[in-house]
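Everything below concerns the one structure shown next.
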Amino acid sequence: MKKPDTVPTTSAIILISGYGTNLQTILDQIISDQLPIKIILVLSDNPKAYGIERAKKSGIPTKIINYHNFTNKADFHQSVKNSIKKLDPSLIVLAGYMRILSRDFCHQFKGKILNIHPSLLPKLKGLNTYQRVLESDDEYHGSTVHFVTEELDSGPLILQYRTRIRPDDNPERLKKRVQHGEHQIYPMAIRWFAEGLLKMVDGETLLMGKRMTRPKVLEET
Ligand code: GAR
C-alpha cells in the first residue's frame, strides 16, 4: 500500500564540525521516511568538515562560518546566532559541533537544542572521553543525548547508549562501538522531539508529559 504523503513540520538546523556520521544517519533516516524532520541548513564552523559534503550530496543547504576568520569570539557567536535566527528552526541538532555555544545562544533557543556527547553524563564532561574512561575504573562507557543549557554538557538528560568496557579496548575501538550506539539513540530522540513527545520544561526533560528523573538507557546487545 502506498504511504500517505506527509509533510514534516519540524524544521531543523544541524551544526557540525567534523566527519558527520551522526548527520549521515539522520539524513538516511529522513530519506527512508523514519524521521519526520526537514533539515533547512547544515552549518559548520570548520571549512574542512566532511559533513558539509554529506549535506551537499543530499541537496541540503550548507553554510560555513569559519571560527578562525574571527578575531573576536563574540562576533563568531553573533554570526552563528544571526544565521540561525533568521531561519527560525523548530530544532537545532548539535552533531559533533565542537564549539561551546554562547549563553545568549542557549537562552535564545532554549528547549530547542539537542546535543550528543560521548560519555555517560554526568560523567566525563568535556573532551577526550575515550582516553579518560580507559584511565578510570569505570566498567561502562557510552553516549548521551541531552537538551542544551548554558552549562557545558549539563542540560537535562534524555537517552543514553551503554557499552561495557573490554580488557582489549583502546580509544579507537571504544569509539567505534559508542558511535554505533549514537547512530541508534540520536535519531530516536530527534523523532520523539519531532513527534511532540519530548520537551524541556522548567529545566527538566518531559517524555510523553512525564518528568524523567533519569535518562532512558539502551544497552549494547
Ligand atoms: C560524536 O561521537 C559526538 O558524540 C561527539 O563528536 C562526534 C562526532 O562524530 N561530540 C562531542 O564530542 C561533543 N562534545 P560525527 O561527526 O561522525 O557525527
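Note: hydrogens, waters and symmetry copies are ignored here, and every other heavy atom, side chains too, is used. Counting starts at 1 for both ligands and their atoms, following the listed order. These numbers come from a predicted model, not from an experiment.
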Judging by distance only, is a nitrogen or oxygen of N115 under 3.5 angstrom from one on ligand 1?
-> no

Would you check if T205 and M200 make a side-chain contact, meaning some heavy-atom pair closer than 4.5 Å?
-> no

Identify whether the distance between the nearest side-chain nitrogen and carboxylate oxygen of R177 and E172 falls below 4.0 Å.
-> no

Specify the closest pair of heavy atoms between S143 and V178, including all atoms of both residues, with the distance to one decimal.
-> CB-CG1, 3.7 Å

Please confirm whether N22 comes within less than 3.5 Å of ligand 1 when only nitrogen or oxygen atoms on both sides are compared.
-> yes

Does an N or O anywhere in S143 fall below 3.5 Å from an N or O of ligand 1?
-> no

Compute the shortest N/O to N/O distance between G96 and ligand 1 and return yes if it is under 3.5 Å, no if not.
-> no

Judged by modelled atom types alone, do S32 and Q34 share a side-chain donor-acceptor pair under 3.5 Å?
-> yes

If you compare G126, P118, G181 by their heavy atoms, the one closest to atom 5 (C) of ligand 1 turns out to be P118

Distance from atom 15 (P) of ligand 1 to nearest protein heavy atom, with residue and atom = T21 N, 3.4 Å

Ring pair (Phe, Tyr, Trp, His ring centres under 6.0 Å) between H77 and F105, intermediate numbers included = CA-CA 8 Å; H77 288 308; F105 185 96; 8.2 Å; no

Where is the nearest protein heavy atom to atom 14 (N) of ligand 1: which residue, which atom, and how far?
-> H117 ND1, 3.4 Å

Look at ligand 1 and say whether G51 reaches it with a heavy atom at a distance under 4.0 Å.
-> no

min-distance protein heavy atom vs atom 10 (N) of ligand 1 -> I116 O, 3.5 Å

Under 4.0 Å to a heavy atom of E182 - the qualifying atoms of ligand 1, by number | 1 (C), 2 (O), 3 (C), 4 (O)

Which heavy atom of the protein is the closest neighbour of atom 16 (O) of ligand 1, given with residue, atom name and distance?
-> G20 N, 2.7 Å

Does K175 come within less than 4.0 Å of ligand 1, judged by its heavy atoms?
-> no

Under 4.0 Å between a Lys/Arg side-chain N and an Asp/Glu carboxylate O for E204 and R211?
-> yes

Are L218 and Q184 close enough, and set up right, to give a side chain to side chain contact (heavy atoms under 4.5 Å, CB included), and what steps lead you there?
-> CA-CA 9 Å; L218 187 71; Q184 298 171 58; 3.6 Å; yes

Taking all heavy atoms of P215 and all of L159, pick out the closest pair and write down the distance.
-> CB-N, 4.1 Å

Can we say E182 and R162 salt-bridge, meaning some charged N sits less than 4.0 Å from an Asp/Glu carboxylate O?
-> no

So, is Q179 polar-close to ligand 1, with some N/O to N/O distance under 3.5 Å?
-> yes

